[in-house]
Amino acid sequence: MKQTFSQRCYSLLKQVPRGKITTYKAIANALHTKAYRAVGNAMNKNPFSFSDGGNVPCHRVIKSNGEVGGFFSGTAAKIKMLKAEGIPIKNNKVVDFEKYLYQF
DNA sequence: CGGTTGACCAAGT
DNA sequence: GACTTGGCCAACC
């Protein structure tokens, strides 16, 4: 079945285990494209969520500069969840996010 | 099919 | 270090 670019993003996201994170850029790179924005755009209109049966951890996606980025329920909620997964965050930025990055 | 949008990125000011 | 500009690409109207 052919999927849209967005669907592919979700599939990759599902591969990210708990306690790990990824960046918009990393996803785009994994898809061999430079559509960083399209990835974020896909999440923004995401038909799924981590609460859905798809278990898409949208909250584990952050920006390339280590900043948390946005979230449909607010950045604060996103940070809260990441912390709950064991990822330290400081001033809206992930501490040593590189070592929490999931390599596809 | 052209124009707008966006949970972005990198470089310049 | 904070703000602006240009660029990039898919989805939506």
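All heavy atoms count here, side chains included; hydrogens, waters and symmetry mates do not. The chains referred to below are lettered A, B, ... by the order of the sequence lines, with proteins before strands, and numbering in each begins at 1.
A/Phe104 contributes atom CZ, which lies 5.5 Å from atom CD1 of A/Ile27 (distance to the nearest 0.5 angstrom). Atom CD1 of A/Ile62 and atom CD1 of A/Ile87 lie 8.0 Å apart (nearest 0.5 Å).
When each of A/Asn65 and A/Val39 is assigned the nucleotide of DNA chain B with its nearest heavy atom, A/Val39 is the one assigned upstream, toward the 5' end.
When the side-chain nitrogen and oxygen atoms of A/Lys25 are compared with OP1 and OP2 of B/dA10, one or more of them lie within a distance under 4.0 Å. Taking side-chain N and O atoms only, A/Asn41 has no distance below 4.0 Å to OP1 or OP2 of B/dG6.
The side chain of A/Cys58 lies closest to B/dA7, out of B/dC9, B/dA7, B/dG6.
In summary, the side chains of A/Lys45 and A/Asn41 do present a donor paired with an acceptor at a separation below 3.5 Å, with no hydrogens or angles considered.
Here the shortest heavy-atom pairing between A/His59 and A/Glu85 reads NE2-OE2, 3.6 Å. What you find for A/Leu13 and A/Pro57 is that their closest heavy atoms are O-CG, 3.2 Å.
Contact annotation for A/Ser6: backbone-only contact, meaning every heavy-atom pair under 4.0 Å involves sugar-phosphate atoms and none involves a base. At the heavy-atom level, A/Thr4 lies under 4.0 Å from the strands shown only through sugar-phosphate atoms. Across all strands, A/Ala38 comes closer than 4.0 Å to base atoms (heavy-atom distances). Contact annotation for A/Phe71: base contact, defined as any heavy-atom pair under 4.0 Å involving a base atom.
For the pair A/Ile27 CD1 and B/dA7 C1', the computed distance is 11 Å after rounding to whole Å. Separating the NZ atom of A/Lys63 from the P atom of B/dA7 is a distance of 10 Å, rounded to the nearest angstrom. Atom CG in A/Leu82 sits about 18 Å away from atom P in B/dA7, given to the nearest Å. With rounding to whole Å, A/Lys45 atom NZ is found 11 Å from B/dT5 atom P.
In the displayed structure, A/Lys93 atom NZ is contacted under 6.0 Å by more than 12 heavy atoms of other residues, nucleotides or ligands.
Here the side chain of A/Ser11 pairs a donor or acceptor atom with the backbone of A/Gln7 at under 3.5 angstrom.
Protein chain A contacts DNA chain C over a range whose 5' and 3' limits, counting nucleotides with an atom under 4.0 angstrom from a non-hydrogen atom, are C/dG7 to C/dC12.
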